[in-house]
2 protein chains.
Amino acid sequence: MHFEFNERDGCKACPIRHRAVCARCDEDELIILEGMKSYKTIEQGEPIIWRGDELQHISSVVSGIASLSRTLEDGRTQVVGLLLPSDFIGSPGRETVDFDVTAVTDVTLCRFERKSFEKLVQDVPHIAQRVMEMALDELNAAREWMVLLGRKTAREKIATFIEMVIRRDNVPVHADEPHILPLTREEIANFLGLTLETVSRQLSSMKKDGILTFADRRKFTVLDLAALQEETGDDADGGMIV
Amino acid sequence: MHFEFNERDGCKACPIRHRAVCARCDEDELIILEGMKSYKTIEQGEPIIWRGDELQHISSVVSGIASLSRTLEDGRTQVVGLLLPSDFIGSPGRETVDFDVTAVTDVTLCRFERKSFEKLVQDVPHIAQRVMEMALDELNAAREWMVLLGRKTAREKIATFIEMVIRRDNVPVHADEPHILPLTREEIANFLGLTLETVSRQLSSMKKDGILTFADRRKFTVLDLAALQEETGDDADGGMIV
DNA sequence: CAGAAACTTTGACCCAGATCAATATCGATG
DNA sequence: CATCGATATTGATCTGGGTCAAAGTTTCTG
């Protein structure tokens with residue numbers, strides 16, 4: 001059984017093609033991948049899997065946004081990450097999830113039976129390498145977020161969050177289309193370690209300061225990107241040495 | 001050139017043997033590993049590498065403790081992780097580090113020329129798998145820490161930190177030897193997203209409440225483990241479903 | 001072993017952001 | 001299109017932890 005990796009023309013039907021995690025789509029390979037995958041849709045607001053639940057599948061987000069979060073006994077909730085299309089739910093080698101996973105929007109998942117996925121990781125070297133790279137990227141993002149949670153002010157947190165949102169759906173150049181906040185005020189608060197009132201106040205304040213405008217609760221446009229970036233608390237150049 | 005993986009008797013001289021990241025120590029393998037590694041010692045308090053610096057080596061901590069941190073322009077610092085023996089500095093596929101790495105104690109590193117290490121990751125499937133597992137573990141730990149930073153009170157943060165320290169050097173059973181705080185008050189503060197005064201006050205308060213005693217600034221004993229764990233804010237059973 | 005530098009504790013006060021509360025707006029539903 | 005529940009805004013007040021300041025320890029150095 002031979003597997004090879006090919007980034008360029010990964011199999012069209014294979015969801016681990018996202019982020020180019022895919023073995024060469026010759027017949028052998030396709031059979032295995034086809035045999036073990038299944039799709040599932042979860043409605044907005046519904047839980048996908050709870051912390052501690054046994055992982056039957058490793059899934060990849062095909063469309064929509066899911067959140068990873070932890071809630072303390074008294075209800076305090078911290079969102080520790082957002083899962084966007086191509087992100088995985090569950091990791092090879094783990095039998096349970098350590099965080100609650102919830103559909104923030106309607107979410108479509110492509111699921112692999114966990115054992116098969118783990119076998120794939122073992123048999124196809126480039127898949128382990130890809131998962132490794134993805135994990136390292138996310139680790140970096142998580143650490144970056146730790147700086148925000150531990151040291152940034154409410155205003156800096158909001159500015160950083162908005163900047164992240166507009167960076168994410170990076171419209172070509174100078175498309176003035178409004179951006180969409182993917183989260184409610186409360187979800188933003190739980191992501192930033194704030195209360196929803198503080199989130200609301202900071203957004204209002206940025207509106208007053210002419211940095212943003214809102215067409216409605218979710219739809220906004222950045223009027224002054226430079227000012228926004230100034231407020232994030234990060235180095236202007238994203239940390240490169242000049 | 002064939003490589004195989006053997007957890008049990010990984011090569012004694014190979015530092016990536018830590019955490020069992022090691023190929024079978026036949027001659028081919030040894031030559032490669034021996035040829036590319038070098039040791040280096042960094043004194044307590046000295047920087048190991050700065051954020052943005054080009055990574056010449058991937059290193060593994062052999063002894064001592066290093067911290068990963070980020071400092072904002074105005075001096076606010078957040079420690080995003082501690083590197084203990086067997087942890088890596090630098091990741092295959094990255095040309096720079098994204099955080100400052102500092103020696104918290106005297107640190108000995110085992111360094112690999114980066115290109116060679118990356119080649120090794122590509123050539124020896126089990127090494128990529130091992131790095132993948134390590135990255136996934138650290139990702140989990142980072143997310144756990146995000147909950148602490150975003151939602152826990154000062155007292156809960158301190159309790160969690162102390163619990164982490166005693167869990168780390170998990171003395172057999174009932175050894176009443178004192179534990180050692182590996183960090184100064186200021187370093188603890190930067191790790192927990194607090195000020196050093198708050199750290200000091202909380203430690204005093206726990207002393208007053210009979211949870212801890214201090215033999216000196218660094219040396220402490222836990223008098224009431226149950227109470228300590230009660231204060232961490234986490235579920236009693238570490239999150240397992242009962 | 002004196003004197004200094006580094007680290008820690010403790011106190012007094014203050015403020016960013018939490019909490020509590022009232023109102024306003026949106027969007028779904030019959 | 002009126003009603004209701006969910007979501008958001010805004011105001012008033014409170015407080016945990018930050019800030020500023022002054023001792024008190026420990027450790028290093030000559």
Side-chain angles (χ1 to χ4, degrees), chain A residues 43-46 72 74-78 102 104-106 148-162 178 180-209 212-220 231 233, chain B residues 43-46 72 74-78 102 104-106 148-161 180-209 212-220 231 233:
Chain A
E43 288 197 358
Q44 172 164 156
E46 293 300 309
L72 305 179
D74 61 357
R76 283 173 288 171
T77 298
Q78 179 65 46
T102 314
V104 165
T105 64
D106 288 355
L148 175 144
L149 291 173
R151 288 301 183 206
K152 290 191 179 180
T153 64
R155 184 162 250 245
E156 289 170 336
K157 287 177 175 181
I158 295 287
T160 307
F161 174 71
I162 298 287
I180 307 274
L181 288 180
L183 307 176
T184 65
R185 301 293 184 266
E186 185 177 26
E187 287 162 340
I188 296 171
N190 288 337
F191 194 23
L192 298 177
L194 297 171
T195 60
L196 66 97
E197 293 94 330
T198 299
V199 170
S200 179
R201 272 187 251 271
Q202 292 296 337
L203 288 174
S204 300
S205 150
M206 289 192 159
K207 199 166 62 184
K208 189 166 61 59
D209 295 347
L212 303 172
T213 19
F214 279 85
D216 79 35
R217 290 166 177 201
R218 297 293 190 105
K219 225 177 286 177
F220 71 97
E231 304 259 26
Chain B
E43 288 197 357
Q44 172 165 155
E46 293 300 309
L72 305 177
D74 61 357
R76 282 174 288 173
T77 298
Q78 179 65 48
T102 314
V104 166
T105 63
D106 288 354
L148 175 144
L149 291 173
R151 290 299 183 208
K152 289 192 179 179
T153 63
R155 183 161 248 247
E156 289 170 336
K157 287 177 177 183
I158 295 286
T160 307
F161 174 71
I180 306 273
L181 288 179
L183 307 176
T184 65
R185 302 292 185 265
E186 185 177 26
E187 288 162 340
I188 296 171
N190 289 337
F191 194 24
L192 298 177
L194 297 171
T195 60
L196 66 97
E197 293 94 331
T198 298
V199 170
S200 177
R201 273 187 252 269
Q202 293 296 337
L203 288 175
S204 301
S205 150
M206 289 191 160
K207 199 167 60 183
K208 187 166 62 60
D209 295 349
L212 304 173
T213 17
F214 280 84
D216 78 33
R217 291 165 178 201
R218 298 292 190 105
K219 226 177 286 176
F220 70 97
E231 304 260 25

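Note on naming: letters A, B, ... go to the chains in the order of the sequence lines (proteins, then strands), and numbering restarts at 1 for each one.
Counting to the nearest Å, the C1' atom of C:dT25 and the CZ atom of A:R185 are 12 Å from each other. The CG-P distance, from A:L183 to D:dA8, rounds to 10 Å in whole Å. At whole-Å resolution of the value, NZ in A:K219 and P in D:dA8 are 15 Å apart. The distance from atom CZ of B:R76 to atom C1' of C:dA16 is 13 Å, rounded to the nearest whole Å. Regarding A:E43, its CD atom lies at a distance of 13 Å from the P atom of C:dA28, rounded to whole Å. As rounded to whole Å, 15 Å separates atom P of D:dT9 from atom NZ of A:K208. In this structure, B:L196 places its CG atom 15 Å from P of D:dG17, rounding to the nearest Å. Straight-line distance from the NZ atom of A:K207 to the C1' atom of D:dA8: 10 Å, rounded to whole Å.
Closest approach to the A:D216 side chain among D:dG18, C:dT8, C:dG27 is made by C:dG27 (side chain taken as heavy atoms from C-beta onward). Set against D:dG17, C:dA18, D:dT10, the side chain of A:E197 has D:dT10 as its closest nucleotide. Taking the side chain of A:S200 as heavy atoms from C-beta on, and the options C:dT9, D:dG17, D:dA8, the nearest nucleotide is D:dA8.
At the phosphate of D:dG17, neither OP1 nor OP2 sits under 4.0 Å from any side-chain N or O atom of B:T195.
Contacts of B:G193 with the nucleic acid, taken as non-hydrogen atoms under 4.0 Å apart, involve only primed sugar atoms and P, OP1 or OP2.
Taking the six-membered ring for Trp and thresholds of 30 and 60 degrees, A:F214 and A:F220 have ring planes inclined between 30 and 60 degrees apart.
In this structure, A:L203 and B:R201 both approach DNA chain D, and ranking their closest nucleotides by distance from the 5' end singles out A:L203. Closest-nucleotide positions on DNA chain C for A:R217 and A:R155 were compared, and the one nearer the 5' end corresponds to A:R155. Both B:T153 and A:E186 sit near DNA chain D, but only A:E186 has its closest nucleotide nearer the 5' end.
Across all their heavy atoms, B:R155 and B:Q202 have their closest contact at CB-OE1, 3.5 Å. The heavy-atom pair separating B:G150 from A:Q78 by the smallest distance is CA-OE1, 3.3 Å.
Separating the OG1 atom in B:T102 from the CD atom in B:E187 is a distance of 8.5 Å, to the nearest 0.5 Å. Annotation: the span from B:D74 atom CG to A:R151 atom CZ amounts to 10.5 Å, rounded to 0.5 Å.
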